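Have a look at the structure below, then the notes.
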Amino acid sequence: MSPRRAETGGRIDRLRTIRFTFDGAPYSGHAGDTLASALLANGVTLFGRSFKYHRPRGLLAAGVEEPNALVTVLRGEVREPNIPATMVEIYDGLVAVSQNRTPSLAWDIGALNQLGGKLLSAGFYYKTFMGPVIGPLKGTRFWMFCEHFIRRAAGLGKAGVAADTSRYERMNAFCDVLVVGSGPAGLMAAKAAADQGARVILADLEAHFGGSANWSGETIDGMSAADWAQRMVAQLGGNDNVRLLPRTTVWGYYDGNTLAALERVTDHKEVAAKGEPRQRYWAIRAGTVVLATGSFERPLVFPGNDRPGVMLAHAAQRYAVEYGVLPGQRIALFTNNDSAYRSAAALKKAGAAVVAIIDVRGDISNEMRRLASDAEAELLAGHAVIATEGGKALTGLKVQRLDAMSGSLSGDERSIHADSLLMSGGWSPTIHLASQAGAKAEWDPARQAFLPPKPTQRWIGAGAFTGSFSTAEAIAEGRAAGLQAAGGAASSAPLPVVEAVPGDPDPAPVFEIKAKGKSFVDFQHDVTAEDVRLAHREGFVSVEHLKRYTTLGMATDQGKNSNVPGLAIMAEALGKPIPEVGTTRFRPPYTAVSIGSLAAERFGDLKPERLTPMHDWHIANGATMYSAGLWFRPMIYGLAGETVEQAYVREAKATRESAGIVDVSTLGKIAVQGPDAAEFLDRVYTNMFSTLAVGKARYGLMLREDGLAFDDGTTWRLGEQEFLMTTTTANAGKVMQHLEYFLDVIWPELKVTVTSVTDEWAGAAIGGPNARAILASCVTGTAVDNAALPFMGIVHGRIAGVPVMICRLSFSGEMAFEVYSGAGYGNHVWEALIEAGKPFGLVPYGLEALGTMRIEKGHVTGAEIDGRTTARDLHLDWMLSKKKPFIGSAMMDREGLIAPDRLELVGLIALDNRPLNGGGHIVEELDEANPHDSLGHITACCYSPALGKYIALALVKGGKARHGTRAFVSDPLRNRFGPVEIVSNHFYDPDGSRMHG
């Protein structure tokens, strides 16, 4: 028998012994134990060290809110730090180690920090290292001296360096009703919604559904609450319209009733089954959400409240009832409310010796007195704990009479021998998700707690989440919430009958016992009550400033235990009620989320990969791919032995001589629709679009509000009220934001909708002298000759049976056409074009050839539209309409934007026939030893197969006036110096005869 394992009780499987190690020492537990319960059963009281003072810390809680018992789990070389031991399910071979200690948990040299006293009080890091001005350690030099040691001491768990070999999955789910929390309220809500035929997802972060029913000891419908919960779960599991997600933490509530969740699939297993991921990231889109997330018990603030052996009363009850583990041999309870009495009764029933109940209230109900008597505990009403005794374990405590109204202590101190002290400071509803959904919490003076805000999204609360702490209330609210969420009518059917110990859920408004010694508010970060008062004295009275100055609530538990006591102490210091002081807003994630789960199948990538519909074809046909923004695009289709330059020169030359095809699916595509669509585009673009005929396209330029160039592209008029805007690949998201901002904020009266359709269309651009002939050989349903499809014209037809939309426009300077089809048919159409082009020598070309031909033609892209250039700088002033205002028109003629010495777009030809480099500077006089007096810089460069020379585009002062003159490139970083000729940016086909055919 383990030192603290009760002879009976708990949901553990006593016939299965599990062996694991903690800090290298072997231990055993039973199937169903957490690491916390198993270690507690083995008599372990010391679980961790606090962040700042390295004080010894034991278990405080039994769930996700645990701030003290953080461990690192090792799987081979892979480390997973900062996991609450309360959330680690033991398995054979589990290896866990404690954190934040040197050399060991029992003997930690960091504990010397406790001798620092007030030097380590709140904000010490802002003050201590700014001096002293003594000798060589002046100003920030002292900080630089200390920084090395501070960084070594900072942090809790140590991050691993070995690659994570686990597999993760990402899932999308849609449901009518998402129920978060599976206590009595959540189970009733899920059952009621499922009975209405709704698609239901029930998620709970614990391994077993049931919530408080698993440890309350109550009776529901004549059976134990735990058995009732399991019966409900079995009924739900038998429904096809219900998905059960245990071990799943719903950690984020976002717009549109979209919630993020993390499912721990195999963290509790020694070996994952074939195909099982370690974790799943769920994106759940719900019609209605039922929040039945329960509540957290709060600690009381008094000297020595952090000593190992001091824990929350309900946590001790959970360990006894769920795991058959007693928190100590002699137990005392300290409370300001009735719930601790129920814990005392449960512990007594489990075999514990309850020696005393210390209650700050002087007036105790008869029911609670009977419970104290049944527990054989001495009841000390109107008393408070003023100190605890012991080192790495509790040995006793001191109590004194307390006036709860004034907070004053009186009378003689009294010592009580106990090895476990359980505290209960009231309950805080778990309103984190509701707060994330977008509203401010509301203070309830009776509950002495923040209750959920009024919904701003489609959610309904039930149970302790709403401040209804009794099981009967939770069941009633849960059924009502489930029916409402599923659109059902209120039911008059009888509710399950609950037999429970009565009790008043309202605590006395006592948060702190002021006595000599350190009283901790935030256990993990060592924030004391005096730290909160120091923040008040120094002016950090805003809840947000308090949080950051003291680090209150910034620990891994995110203030789940400490927020309300800390706010209460600040409120008292300010002489204001708690609701006026307010509370910080909760932000996702609710608990820590692994980066691997967020990356999921794309594990190893720092950003998402976007692939065009033709991606596999490109790979199969020898393309070298690279990242262009978030997209992967072909760079070249290299032949054996070719360099990058040889490949793109070959591709560009073949396109100019016959025909080439390029994947342009990545271009931003935005549908602009509505009665005012044309008017909106007139305001957005510098040129007119309301005069554009249906079935035609026009090149457009956008400015920012400050008059600088923003983006360019073509927009196609598909109908009187329907346009398709194209943008550069890199700027697609920014342009969409730009449009939405002006529609939502500046011109809300315009009847226009904008929709990103980039992923809806696959695009191929085919250009060259034979481009029209290739199209004519494979397009049906429309002609593509000059009469049917003039420059900037649009036609609709079919290729290989697939509907396509074709616009005649050019980026290369050749006669060219853009062919769009539905994304799902993109590869089919692409292959049909490739096949049709074989008799003509059609070649696929990549971004390098595309860039080469655009430089030869003198087109601008993001390299030139860099946020500093104007339409005039880029020789696009012909696009600035004088007939209408547009975004940027009021600012584009500012003195600085029309100055004669501005950088203007020019072309460069390398006179030494050597490659040029982007970013190289242009100078009038070459001085390799002391480069100076830059005239401008190169924006894009290539070898031009059309000219047989190395050329570039550049931005140069007074650029147009310098055409025909010589200068030098000065690029000291790459040791590239040499003469260049400044010419027009239109190197190739300046009159457009090839493009217009």
Side-chain angles (χ1 to χ4, degrees), residues 11 173-216 218-250 257 259 261 263 282 284-295 430 433 455 458-466 468-500:
R11 57 174 166 76
F174 299 83
C175 63
D176 301 312
V177 180
L178 167 65
V179 181
V180 185
S182 70
L187 291 175
M188 284 298 294
K191 182 69 164 56
D195 288 347
Q196 294 292 313
R199 295 173 300 163
V200 177
I201 294 177
L202 175 62
D204 195 289
L205 55 79
E206 297 283 355
H208 299 275
F209 292 111
S212 63
N214 289 324
W215 53 269
S216 68
E218 297 172 341
T219 299
I220 304 177
D221 274 353
M223 66 184 76
S224 73
D227 289 343
W228 174 84
Q230 295 314 305
R231 187 184 70 175
M232 291 283 287
V233 173
Q235 291 174 357
L236 289 168
N239 289 353
D240 293 337
N241 58 329
V242 176
R243 184 195 296 270
L244 299 177
L245 293 178
R247 300 185 179 90
T248 302
T249 304
V250 180
N257 256 32
L259 294 94
E263 181 185 5
W282 289 84
I284 303 173
R285 293 162 178 85
T288 304
V289 179
V290 175
L291 296 177
T293 49
S295 59
T430 310
L433 291 176
R458 295 187 304 278
W459 62 261
I460 306 166
F465 165 85
T466 68
S468 300
F469 294 129
S470 75
T471 301
E473 289 176 310
I475 287 175
E477 288 187 3
R479 184 173 73 176
L483 289 171
Q484 181 183 344
S491 174
S492 59
L495 290 162
V497 178
V498 179
E499 296 178 26

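Note that the numbering runs from 1 along the sequence shown for the chain. This one's a predicted model, so the numbers in the text were calculated from it and none came from an experiment.
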Are [X] and [Y] packed together at the side-chain level, in the sense that at least one heavy-atom pair is separated by less than 4.5 angstrom?
{"X": "Val200", "Y": "Leu236", "value": "no"}
{"X": "Trp228", "Y": "Ile475", "value": "yes"}
{"X": "Glu206", "Y": "Asn214", "value": "no"}

Work out which heavy atom in [X] is nearest to a heavy atom in [Y]; give both atom names and the distance.
{"X": "Ala198", "Y": "Asn241", "answer": "O-ND2, 2.8 Å"}
{"X": "Phe209", "Y": "Gln230", "answer": "O-NE2, 3.2 Å"}
{"X": "Ala462", "Y": "Thr466", "answer": "N-CG2, 3.5 Å"}
{"X": "Gly461", "Y": "Ala481", "answer": "O-CB, 4.3 Å"}
{"X": "Ala213", "Y": "Ala229", "answer": "CB-CB, 4.0 Å"}
{"X": "Val242", "Y": "Ala194", "answer": "CG2-CB, 3.5 Å"}

Sequence neighbours excluded and cut-off under 3.5 Å, please list the side-chain donor-acceptor pairs for residues 482-494, or say none.
from: Ser491; atom 1: OG; to: Ala493; atom 2: N; distance (Å): 3.1

Atom pair [atom1]/[atom2] of [X] and [Y] - distance to nearest 0.5 Å:
{"X": "Met232", "Y": "Ser182", "atom1": "CE", "atom2": "OG", "value": "10.5 Å"}
{"X": "Ile201", "Y": "Trp282", "atom1": "CD1", "atom2": "CH2", "value": "6.5 Å"}
{"X": "Lys191", "Y": "Gln235", "atom1": "NZ", "atom2": "CD", "value": "5.0 Å"}

_Working for side chain to side chain contact (heavy atoms under 4.5 Å, CB included), residues Val177 and Gln196_ = CA-CA 11 Å; Val177 180; Gln196 294 292 313; over 6 Å; no
Under the 3.5 angstrom rule, does the side chain of [X] hit a backbone N or O of [Y] as a donor-acceptor pair?
{"X": "Thr219", "Y": "Glu499", "answer": "no"}
{"X": "Thr248", "Y": "Pro246", "answer": "yes"}
{"X": "Asp204", "Y": "Gly181", "answer": "no"}
{"X": "Asp176", "Y": "Arg199", "answer": "yes"}
{"X": "Arg458", "Y": "Gly287", "answer": "yes"}
{"X": "Asp221", "Y": "Pro496", "answer": "no"}

*Using the test side chain to side chain donor-acceptor pair (under 3.5 Å), find all partners of Asn239 that sit at least two apart in sequence or belong to another chain.*
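Asn239: no side chain to side chain donor-acceptor pair (under 3.5 Å) contacts found.
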*Given salt bridge (Lys or Arg N to Asp or Glu O under 4.0 Å), test Arg231 with Asp227 step by step and report yes or no.*
CA-CA 6 Å; Arg231 187 184 70 175; Asp227 289 343; over 6 Å; no
*Would you check, one step at a time, whether the test side chain to side chain contact (heavy atoms under 4.5 Å, CB included) holds for Glu477 with Met188?*
CA-CA 8 Å; Glu477 288 187 3; Met188 284 298 294; over 6 Å; no
_From CA spacing to verdict: side chain to side chain contact (heavy atoms under 4.5 Å, CB included), Leu187, Leu202_ = CA-CA 8 Å; Leu187 291 175; Leu202 175 62; 3.9 Å; yes
